[in-house]
Trainee: 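For reference, the structure I am asking about is given below.
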Amino acid sequence: MSSPFSTLTVESARGVLAVTLNRPDAYNAFNEQMSVELAAAFKNAQRDDAVRCVLLTGAGKAFCAGQDLKEIEGSYQDGGQPLDFGAHLRRRFNPLVSRIRTLEKPVIAAVNGVAAGAGASLAFACDLRIAARTAYFTMAFAGIGLVPDSAATLTLLQHVGYSKAIELCWLGEKLGAEEAARLGLVNKVVEPEQLADAARELAERLAAMPTRALGLTKRALNKAWVESLEDQLEYEAFLQQTAGQTSDHREGVRAFLEKRRPKFSGT
Ligand code: T3D
């Protein structure tokens, strides 16, 4: 089946909608097109009764490297128009996270490689995570002078507790799949070559279960767990607006694009 999307491949079989982020050269970073298409894929999953589970993964080496920093490069050049981060989040990332959390069908992330920044947030927003032993997470936000977004300040906190969450958010160090499983952030770790089969097996098992009951269970757990999702998404957008105006954010992105270590001034 040919994909209606240019940044994703989608395949529907045996009740499972398999969605693959497909910008491998950019480590599947989110550009405008991919955000729009991923939201559309989840909208289709909501409407299509034949879809009873969504399986999300990345093409190539990475799961997802978060916001495509090359797409917004122009904002960091002298005379460039600064990005309105609040508006950017409200338009692009927040609706996507809301869609995943309100889809009353299981959503599994098969984390095949690095999940960084909003890419990590995306994985955390899914219901279950199955990861390759070589995969890792990094809360890359502080590395470019930003605040975690796409609900990571809520989901990560709930998954691992405050102490670990703030350590991961501040230091941005690599969190390997096995350590992530030990913390309860990942449900299962498998060898990289087994990931696709193991994830599909789990997805097909869930797709064959009573979808309405599973969906209502998700709604009940959401009520207890992420009842404040919309407020938190809005609050993150507000904070990102502030962080996005700092010199350190500008320096962080420039340093990434110039492949050097950033020199932060604290302003
Ligand atoms: O409203 C808003 O937009 C705010 C929202 C922000 C949400 C966010 O996600 S902020 C966080 C953005 N993401 C990052 O800061 C992560 C940046 N990437 C990295 O730190 C590293 O690339 C990784 C840790 C992900 C992987 O490291 P490594 O050494 O395995 O790979 P690499 O060599 O750094 O990257 C491989 C290629 O992917 C490279 O391309 P090239 O130079 O070989 O042509 C690199 O530029 C590209 N790439 C990786 N991440 C991004 C990216 N290109 C664009 N945007 C990226 N985020």
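Just so we're clear, the structure is a prediction, and the values are computed from it rather than from any experiment.
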Trainee: Looking at side-chain heavy atoms only, is the closest gap between Phe85 and Leu146 below 4.5 Å?
Mentor: yes
Trainee: More than 12 heavy atoms of other residues, nucleotides or ligands under 6.0 Å from CZ of Arg91: is that the case?
Mentor: yes
Trainee: Less than 4.5 Å apart, side chain to side chain, heavy atoms only: is that true for Leu175 and Leu183?
Mentor: yes
Trainee: Could you check whether atom CD of Glu201 has more than 12 heavy atoms from other residues, nucleotides or ligands sitting under 6.0 Å from it?
Mentor: no
Trainee: Are there more than 12 heavy atoms of other residues, nucleotides or ligands under 6.0 Å from atom CZ of Arg47?
Mentor: no
Trainee: For the residue pair Cys53 and Ile108, what are the closest heavy atoms and their distance?
Mentor: SG-CD1, 3.9 Å
Trainee: Does this structure show an ion pair linking Lys70 with Glu73, if we count only N-O contacts that are shorter than 4.0 Å?
Mentor: no
Trainee: Between Met34 and Asp68, is any pair of side-chain heavy atoms under 4.5 Å apart?
Mentor: no
Trainee: Any chain of hydrophobic side-chain contacts (each under 4.5 Å) joining Leu154 to Val160?
Mentor: no
Trainee: Any chain of hydrophobic side-chain contacts (each under 4.5 Å) joining Phe63 to Val107?
Mentor: yes
Trainee: Taking C-beta and beyond as the side chain, do Arg101 and Asn222 meet within less than 4.5 Å on heavy atoms?
Mentor: yes
Trainee: For Arg129, check side chain to side chain contact (heavy atoms under 4.5 Å, CB included) against everything at least two apart and list the hits.
Mentor: Ala109, Val111, Ala123, Phe124, Cys126, His159, Val186, Asn187
Trainee: Measuring only between side-chain heavy atoms, which start at C-beta, is Gln46 closer than 4.5 Å to Arg99?
Mentor: no
Trainee: Please answer: with hydrophobic residues joined when any side-chain heavy atoms are less than 4.5 Å apart, are Val19 and Val51 in the same cluster?
Mentor: yes
Trainee: Would Arg254 and Glu251 pass as an ion pair if we require N to O under 4.0 Å?
Mentor: no
Trainee: Could you tell me if Gln33 and Thr7 have a donor-acceptor pair between their side chains, going purely by distance under 3.5 Å?
Mentor: no
Trainee: Would you say that Pro106 contacts Lys218 through its side chain, given a criterion of any heavy-atom pair below 4.5 Å between the two side chains?
Mentor: no
Trainee: For a 4.5 angstrom cut-off between non-hydrogen side-chain atoms, does Leu56 reach Leu38?
Mentor: yes
Trainee: Counting only heavy atoms not in Tyr76, do more than 12 fall under 6.0 Å of its OH?
Mentor: yes
Trainee: Looking at Ala118 and Phe93, what are the two nearest heavy atoms and their distance?
Mentor: CB-CE2, 3.6 Å
Trainee: Is there a path of hydrophobic side-chain contacts, each under 4.5 Å between heavy atoms of I, L, V, M, F, W or Y residues, that connects Ile100 with Leu8?
Mentor: yes
Trainee: Measuring only between side-chain heavy atoms, which start at C-beta, is Leu122 closer than 4.5 Å to Leu21?
Mentor: yes
Trainee: Do you know the tightest heavy-atom contact between Asn28 and Ala59?
Mentor: ND2-O, 2.9 Å
Trainee: Please test Val147 against Phe141 for side-chain contact (heavy atoms from CB on, under 4.5 Å), starting from the C-alpha separation and ending with a verdict.
Mentor: CA-CA 6 Å; Val147 175; Phe141 302 92; over 6 Å; no
Trainee: If two hydrophobic side chains count as joined below 4.5 Å and joins carry through other members, does Phe30 share a cluster with Val97?
Mentor: no
Trainee: Kindly give the heavy-atom pair with the smallest separation between Asn94 and Leu233, and that separation in Å.
Mentor: ND2-O, 3.2 Å
Trainee: Run through Leu202, Leu55, Leu206 and flag the one making a side-chain contact (heavy atoms from CB on, under 4.5 Å) with Val16.
Mentor: Leu55
Trainee: May I ask you to decide whether Arg23 forms a salt bridge with Glu37, counting only side-chain N to carboxylate O separations under 4.0 Å?
Mentor: no
Trainee: Please lay out, stage by stage, how Glu179 and Arg182 fare under the test salt bridge (charged side-chain N to carboxylate O under 4.0 Å, His left out).
Mentor: CA-CA 5 Å; Glu179 176 66 358; Arg182 205 187 58 73; 2.9 Å; yes
